[in-house]
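Note that the structure is predicted; figures quoted are calculated from it, not measured. All chains are named by letter (A, B, ...) in the order of the sequence lines, taking the proteins before the strands, and each is independently numbered beginning at 1.
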Number of protein chains: 4
Amino acid sequence: MRQKSGDKHTAILQAAVKVFADQGFAEAKVARIARVAGVATGSVYNYFDSKEALLHSIFQNMWSHILDALSQLAEQQDVPSTQRLERMVDAVFARFSDDTNLARVFVNEQSFWMHRWEGDLADHFRTFMDLLGRTLEDAGLCKGMDGSIQRYLVFGAVRQLIHQWADPACPFTKEEARTQILHMLRCMTSKE
Amino acid sequence: MRQKSGDKHTAILQAAVKVFADQGFAEAKVARIARVAGVATGSVYNYFDSKEALLHSIFQNMWSHILDALSQLAEQQDVPSTQRLERMVDAVFARFSDDTNLARVFVNEQSFWMHRWEGDLADHFRTFMDLLGRTLEDAGLCKGMDGSIQRYLVFGAVRQLIHQWADPACPFTKEEARTQILHMLRCMTSKE
Amino acid sequence: MRQKSGDKHTAILQAAVKVFADQGFAEAKVARIARVAGVATGSVYNYFDSKEALLHSIFQNMWSHILDALSQLAEQQDVPSTQRLERMVDAVFARFSDDTNLARVFVNEQSFWMHRWEGDLADHFRTFMDLLGRTLEDAGLCKGMDGSIQRYLVFGAVRQLIHQWADPACPFTKEEARTQILHMLRCMTSKE
Amino acid sequence: MRQKSGDKHTAILQAAVKVFADQGFAEAKVARIARVAGVATGSVYNYFDSKEALLHSIFQNMWSHILDALSQLAEQQDVPSTQRLERMVDAVFARFSDDTNLARVFVNEQSFWMHRWEGDLADHFRTFMDLLGRTLEDAGLCKGMDGSIQRYLVFGAVRQLIHQWADPACPFTKEEARTQILHMLRCMTSKE
DNA sequence: AATGAATGAGAATTCATTCAT
DNA sequence: AATGAATGAATTCTCATTCAT
């Protein structure tokens with residue numbers, strides 16, 4: 001079953017997400033990605049420069065989706081800041097609940113490679129964290145809390161839930177996860 | 001150039017932590033670990049069965065240290081539960097602030113390999129999470145909060161701080177990190 | 001320097017026979033087989049799973065050629081049994097006189113690996129020996145001779161001649177070897 | 001259980017025969033030979049120059065035993081030549097029936113290494129074959145038979161029986177083997 | 001653009017041998 | 001002589017990448 005031409009770029013990307021999720025980047029074979037995508041091994045290199053470029057592209061897509069969604073939220077200045085925070089979490093969750101494999105790639109590979117590449121990926125991440133920090137502060141952190149650090153706590157907490165939730169054996173639903181995150185955020189932002 | 005058997009086992013283990021931290025497990029070369037440890041390449045295999053076994057051993061050590069410390073805490077039933085929670089965080093932080101490289105290996109490799117191996121490592125982690133969950137519940141979570149999920153939030157938050165803090169460019173100190181974590185925990189466990 | 005796919009499979013197989021013959025299996029380097037075959041080292045593994053698989057394949061080919069030839073002979077029920085026996089010897093000789101290297105691999109490696117693998121190779125050998133035993137009995141062994149043991153004597157005798165004859169310094173010709181074998185067989189099967 | 005000093009040489013040799021028989025020379029590990037011999041790995045090198053030297057020594061011993069026995073037989077000019085031939089076979093059989101492992105090493109490794117070394121081992125073999133050839137001719141080969149070739153047939157036949165007989169699953173006894181060999185020799189040497 | 005056979009650099013691992021004790 | 005930990009050269013096999021078709 002050959003893909004419609006023009007779809008190959010996407011087919012390869014999706015296959016890569018799946019294979020990277022299953023075996024990890026290091027163990028993933030380009031030949032397998034090609035097979036999963038339904039194209040020839042060599043074709044992968046018509047669309048991407050290298051195996052690493054494939055991963056890079058996955059993260060680029062991921063971040064641009066997320067940051068697009070978040071920048072839309074940021075414009076909604078009429079929405080109360082507490083609700084903006086909740087919607088932000090929802091947006092992040094939405095991205096990964098669509099695609100469990102992407103979630104697994106994200107939790108396993110992102111931080112290592114972001115560190116190695118030091119480029120636009122790190123920029124995206126910083127943008128994201130700044131936005132998260134600002135939103136937290138808008139929502140009003142409890143007394144003594146420092147937004148520049150709490151942003152990492154919140155990010156880490158959400159990241160871990162995504163991690164758990166991407167595991168097929170995860171005992172709780174996405175909805176429960178979301179509820180608990182919102183509980184935590186409310187605790188942290190309820191005035192003193 | 002024969003070398004007398006000063007503790008090669010330990011030297012190799014430490015070298016491995018450093019090299020895994022710097023390059024990631026997949027990119028790390030056994031030959032480099034050996035060079036860093038100051039031994040011949042082949043000597044690594046006198047002490048460890050394989051590169052993977054080396055990583056496994058690192059995690060085993062890490063968990064047994066942490067769980068030892070925590071089980072001591074668990075016995076201090078006279079300590080108020082809120083304080084036990086704080087000491088637990090301190091114990092975890094202590095382990096990684098001794099050894100930034102270990103922290104980097106932990107955040108980059110642990111969850112992937114725990115998943116792959118499915119063995120004692122996963123058991124250690126479950127034990128740890130159970131302890132964390134119980135301690136959280138003892139400390140009294142806010143209304144609506146579910147200890148079986150909140151434990152992951154807390155773990156993720158702490159993990160992320162360790163991650164940040166292991167980065168040489170991290171803008172905050174370990175003490176600040178600790179303070180912020182404790183703030184968060186207090187928020188989450190203050191009776192409404 | 002890419003090379004067009006003239007029969008690489010065969011080229012590698014022949015190179016392997018030559019290198020195994022010259023150095024013995026254990027000393028033979030895959031890199032050298034590849035060089036002799038005129039392909040890249042890695043190409044060997046496009047056609048064979050391992051160095052051992054290469055040897056296995058050599059023996060498979062050898063036995064299937066021999067057994068094919070023999071099963072054709074077996075059908076010639078009109079031919080007197082004594083002559084069938086002689087033709088059998090001729091068929092075996094033919095296989096190895098075509099290819100001295102194969103003869104050397106056969107005498108040096110076959111029995112060791114047949115023992116180790118315990119699979120189809122041993123089956124081929126048993127089939128061969130059964131055929132030889134039956135043909136000997138048809139031809140009428142001398143009084144007191146037991147076909148189930150004499151088959152090994154005959155096989156060993158022929159094998160040794162092949163061995164000697166594969167040596168470049170061998171003082172006798174293939175024709176002389178054949179004559180002497182037939183003499184021996186006639187002695188053993190002449191009714192007294 | 002440490003060996004009595006002075007016995008180590010022999011213990012190592014015997015262990016080597018066993019290990020070479022079990023795994024083949026190439027697969028045999030010096031460390032294992034040492035363990036089987038009950039000595040330290042390094043001790044092997046106090047008695048033998050190398051793993052190859054160990055094998056060489058095994059074959060030296062083997063041939064000197066055999067040739068000693070045969071040269072004694074050769075002196076018994078009063079014994080009829082036919083009987084001398086039979087006794088010769090008995091002497092060879094005796095050597096290997098004492099030590100099945102030696103038999104396996106002999107059939108698997110001897111000819112390959114004799115070829116490689118081209119030294120005294122080949123001389124021993126030639127001496128042996130000359131003796132065998134002469135004895136065959138003394139016993140009176142059938143018309144048309146050429147002793148210079150028939151010696152190889154006889155040698156190959158005996159070698160193969162030894163081979164079969166060294167296999168634990170061998171279906172016939174040493175006595176049966178001997179009987180059948182003698183039958184064959186009688187056929188070949190009975191005046192036309 | 002598409003293909004997939006061919007390439008060859010690279011790495012983990014083994015193990016005969018050495019040598020400090 | 002005896003030991004066995006240490007050595008490092010050597011080899012199999014892998015796989016990202018290329019390129020002739």
Side-chain angles (χ1 to χ4, degrees), chain A residues 2-3 5-6 8-9 26-35 38-54, chain B residues 1-6 8-9 12 26-35 37-54, chain C residues 1-6 8-9 12 26-35 37-54, chain D residues 2-3 5-6 8-9 26-35 38-54:
Chain A
R2 193 69 59 90
Q3 299 280 335
S5 187
K8 286 209 169 114
H9 183 92
E27 284 289 293
K29 319 295 180 217
V30 174
R32 168 176 261 267
I33 293 173
R35 198 165 55 252
V39 303
T41 304
S43 296
V44 172
Y45 290 87
N46 288 332
Y47 294 89
F48 301 92
D49 283 344
S50 66
K51 191 178 145 185
E52 255 187 58
L54 208 36
Chain B
M1 176 188 30
R2 204 59 59 100
Q3 119 167 19
K4 45 177 73 80
S5 180
K8 287 221 169 88
H9 184 92
I12 292 168
E27 282 291 295
K29 319 294 178 218
V30 174
R32 168 175 264 268
I33 294 174
R35 199 164 53 253
V39 303
T41 304
S43 295
V44 172
Y45 292 88
N46 289 338
Y47 294 91
F48 301 92
D49 284 344
S50 65
K51 194 177 140 185
E52 252 188 63
L54 208 34
Chain C
M1 176 186 33
R2 203 58 59 100
Q3 119 165 22
K4 44 177 75 81
S5 181
K8 287 221 169 89
H9 184 92
I12 292 168
E27 283 291 296
K29 320 293 180 219
V30 174
R32 169 175 263 268
I33 293 172
R35 199 164 54 253
V39 303
T41 304
S43 295
V44 172
Y45 292 89
N46 289 338
Y47 294 90
F48 301 92
D49 284 343
S50 65
K51 193 178 139 182
E52 253 187 62
L54 207 35
Chain D
R2 193 68 61 87
Q3 299 280 335
S5 187
K8 286 208 168 116
H9 184 92
E27 284 289 292
K29 319 297 179 216
V30 174
R32 169 175 260 267
I33 293 172
R35 198 166 54 254
V39 303
T41 305
S43 296
V44 172
Y45 290 87
N46 289 332
Y47 294 89
F48 301 92
D49 284 343
S50 66
K51 191 177 145 183
E52 255 187 59
L54 209 35

Nearest whole Å is fine: how far is [N] [atom2] from [X] [atom1]?
X: B:Asp49; N: E:dC15; atom1: CG; atom2: P; result: 13 Å
X: D:Phe48; N: F:dA2; atom1: CZ; atom2: P; result: 12 Å
X: C:Ile33; N: F:dT11; atom1: CD1; atom2: P; result: 13 Å
X: C:His9; N: E:dA5; atom1: NE2; atom2: P; result: 14 Å
X: C:Glu27; N: F:dA10; atom1: CD; atom2: P; result: 12 Å
X: C:Arg35; N: E:dT7; atom1: CZ; atom2: P; result: 14 Å
X: B:Arg32; N: E:dA12; atom1: CZ; atom2: P; result: 12 Å
X: A:Tyr47; N: F:dT17; atom1: OH; atom2: P; result: 18 Å

Closest non-hydrogen atom pair, C:Ile12 against C:Ile33
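Heavy atoms only, the tightest pair is O-CG2, 3.9 Å.
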Grab the two heavy atoms, one from D:Thr41 and one from D:Ala34, that are nearest each other, plus how far apart they are.
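The answer is CA-CB, 3.6 Å.
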Can you find a side chain N or O atom of [X] that sits less than 4.0 Å from OP1 or OP2 on [N]?
X: B:Lys29; N: E:dG10; result: no
X: A:Thr41; N: E:dG4; result: no
X: D:Tyr45; N: E:dC19; result: no
X: B:Lys51; N: E:dT13; result: no
X: C:Ser43; N: E:dT7; result: yes

Using the side chain to side chain contact (heavy atoms under 4.5 Å, CB included) criterion, which residues pair with B:Glu27? Sequence neighbours excluded.
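Side chain to side chain contact (heavy atoms under 4.5 Å, CB included) list for B:Glu27, sorted by chain: A:Arg116, B:Gln23, B:Lys29.
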By side chain to side chain contact (heavy atoms under 4.5 Å, CB included), which residues pair with B:Tyr45, not counting sequence neighbours?
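Testing B:Tyr45 for side chain to side chain contact (heavy atoms under 4.5 Å, CB included), a comparison that skips the adjacent residues, returns B:Val30.
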Let me know, please, whether C:Asn46 or B:Asn46 comes out on the 5' side of the other along DNA chain F by nearest nucleotide.
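Its nearest nucleotide being more 5', the pick is B:Asn46.
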Which sits closer to the 5' end of DNA chain E, B:Glu52 or C:Gly42, going by the nucleotide each is nearest to?
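That would be C:Gly42.
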Does A:Val44 or C:Val44 map to a spot on DNA chain E nearer the 5' end, using the closest nucleotide for each?
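Its nearest nucleotide lies further toward 5', so the answer is A:Val44.
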Looking at C:Asp49, I'd like to know if its CG atom is crowded, meaning that more than 12 non-hydrogen atoms belonging to other residues, nucleotides or ligands lie closer than 6.0 Å.
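Not buried by this count: 12 neighbours or fewer within 6.0 Å.
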Looking only at the side chain of B:Val30 (C-beta and beyond, no hydrogens), which of the listed nucleotides E:dA12, F:dT7, E:dT7 gets closest?
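Of E:dA12, F:dT7, E:dT7, E:dA12 is nearest to the side chain of B:Val30.
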Select one nucleotide: of E:dA6, E:dA2, F:dA2, the one nearest the side-chain heavy atoms of D:Lys8.
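Output: F:dA2.
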Stem ranges for DNA chain E, with three or more consecutive Watson-Crick or G-U pairs under 3.5 Å?
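E:2-21 with F:2-21 - these are the stems of 3 or more pairs that involve DNA chain E.
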Within the structure shown, what part of the strands sits under 4.0 Å from A:Ala53 by heavy-atom distance: base, sugar-phosphate, or nothing?
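Result for A:Ala53 = nothing.
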Contact class for A:Ala28 (heavy atom, under 4.0 Å): base, sugar-phosphate, or nothing?
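Counting heavy atoms under 4.0 Å across all strands, the contact made by A:Ala28 is with sugar-phosphate only.
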